[in-house]
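In this text the structure is predicted, and so the values were computed from the model without any measurement. Start at 1 and go down the list; that is how both ligands and their atoms are numbered.
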Amino acid sequence: MPPRAKPPLDILLCAPRGFCAGVVRAIDAVERALTIHGAPVYVRHEIVHNKYVVESLMRKGAIFVEELDEIADPGRPVIFSAHGVPKAVPADAAGRGMFAIDATCPLVTKVHREAEIHHKRGRHVILVGHAGHPEVVGTMGQLPDGAITLVEALDDVERLAPADPGNLAFVTQTTLSVDDTRGIVEALKARFPGIVAPHKEDICYATTNRQEAVKRVAPHVDAVLVVGSPNSSNSQRLREVAERAGCPFARLVNGAAEIDWSEFETVRRIGVTAGASAPEVLVEEIIDAFAARFEVRVDTVTTSSEDVFFPLPRELRGEAAE
Ligand code: SF4
């Protein structure tokens with residue numbers, strides 16, 4: 001009997017997708033620190049929210065901890081993750097005499113500095129973001145307790161009761177849904193017309209561009225697969241954006257092994273993207289896995305191009321590193 005023909009499948013690859021400049025910098029920082037200082041190098045929190053990346057770095061000699069007091073050898077370098085840390089963390093590291101390297105994404109640092117400036121000017125800061133996310137913990141930890149109020153949803157805006165409603169400013173997490181945040185910001189401005197906004201959007205270029213590409217693809221496919229970890233905020237947002245843009249069948253997977261193939265039997269067109277912390281090798285694995293089951297045709301849908309680059313943290317550059 002001739003082998004059964006594979007069913008056809010069109011794959012629309014979203015571009016841009018995957019690694020952003022902040023993630024590349026953070027991973028490079030760990031690798032460079034391992035090259036310069038040897039293993040082990042400690043990393044506080046997952047350097048970026050991706051299991052594959054974390055496991056690869058662990059194999060090279062990185063040890064991941066959640067808090068500084070878990071570090072067995074305080075003489076070794078410690079790197080702070082791309083999400084940023086509360087001010088108390090570098091102060092604690094300095095107090096313990098540790099060699100700390102800050103891999104906080106410069107676009108997160110920009111939000112930290114904005115919050116600080118507002119505070120210095122006597123404004124109460126509203127942070128739009130998700131409670132408990134390390135970036136939110138880091139941003140709130142730039143100011144003294146009570147100087148920042150977190151707003152997660154529209155309802156929270158109604159509940160705000162600031163002591164001085166005429167003296168407010170807002171900042172946002174970098175990896176939020178562009179559309180949801182627009183609604184929250186409009187509500188803030190409607191309730192507090194004098195509220196001071198960021199000069200330049202806090203949601204970063206990578207989050208915005210990846211959401212834009214998914215919005216273009218989602219209405220034209222039967223399913224969207226987002227490659228990323230469940231604790232990656234920008235990956236979760238990509239899945240939601242796909243659903244809202246007209247593709248109710250959207251799944252977030254760490255990699256090909258997590259695909260439930262029974263769900264894809266009748267799918268003939270699929271969109272594929274990857275969160276800012278997901279490496280391209282995982283996207284390639286997924287395409288290979290589909291190609292083993294379908295006659296695939298791959299097209300790329302490009303909505304913007306990116307050429308953002310961030311230099312390594314100072315301690316790891318050229319002479320300073322020597
Ligand atoms: S998603 Fe944006 S803010 Fe986060 S690391 Fe990447 S570029 Fe920086």
Answer yes when [X] and [Y] have at least one side-chain N-carboxylate O distance shorter than 4.0 Å, and no when they do not.
| X | Y | value |
| --- | --- | --- |
| Asp73 | Arg76 | no |
| Lys189 | Glu186 | no |
| Glu46 | Lys51 | no |

Just by distance, no angles: are the side chains of His45 and Glu66 close enough, under 3.5 Å, to form a donor-acceptor pair? yes

One pair to check against side-chain hydrogen bond (donor to acceptor under 3.5 Å, both in side chains): Ser262 and Asp260. What are the steps and the verdict? CA-CA 6 Å; Ser262 67; Asp260 176 355; 2.7 Å; yes

Around atom 2 (Fe) of ligand 1, list the protein N/O/S atoms within a radius below 2.8 Å, excluding water molecules. Cys204 SG

Can you classify the ring geometry of Phe294 versus Trp261 as parallel (below 30°), tilted (30 to 60°) or perpendicular (above 60°)? tilted

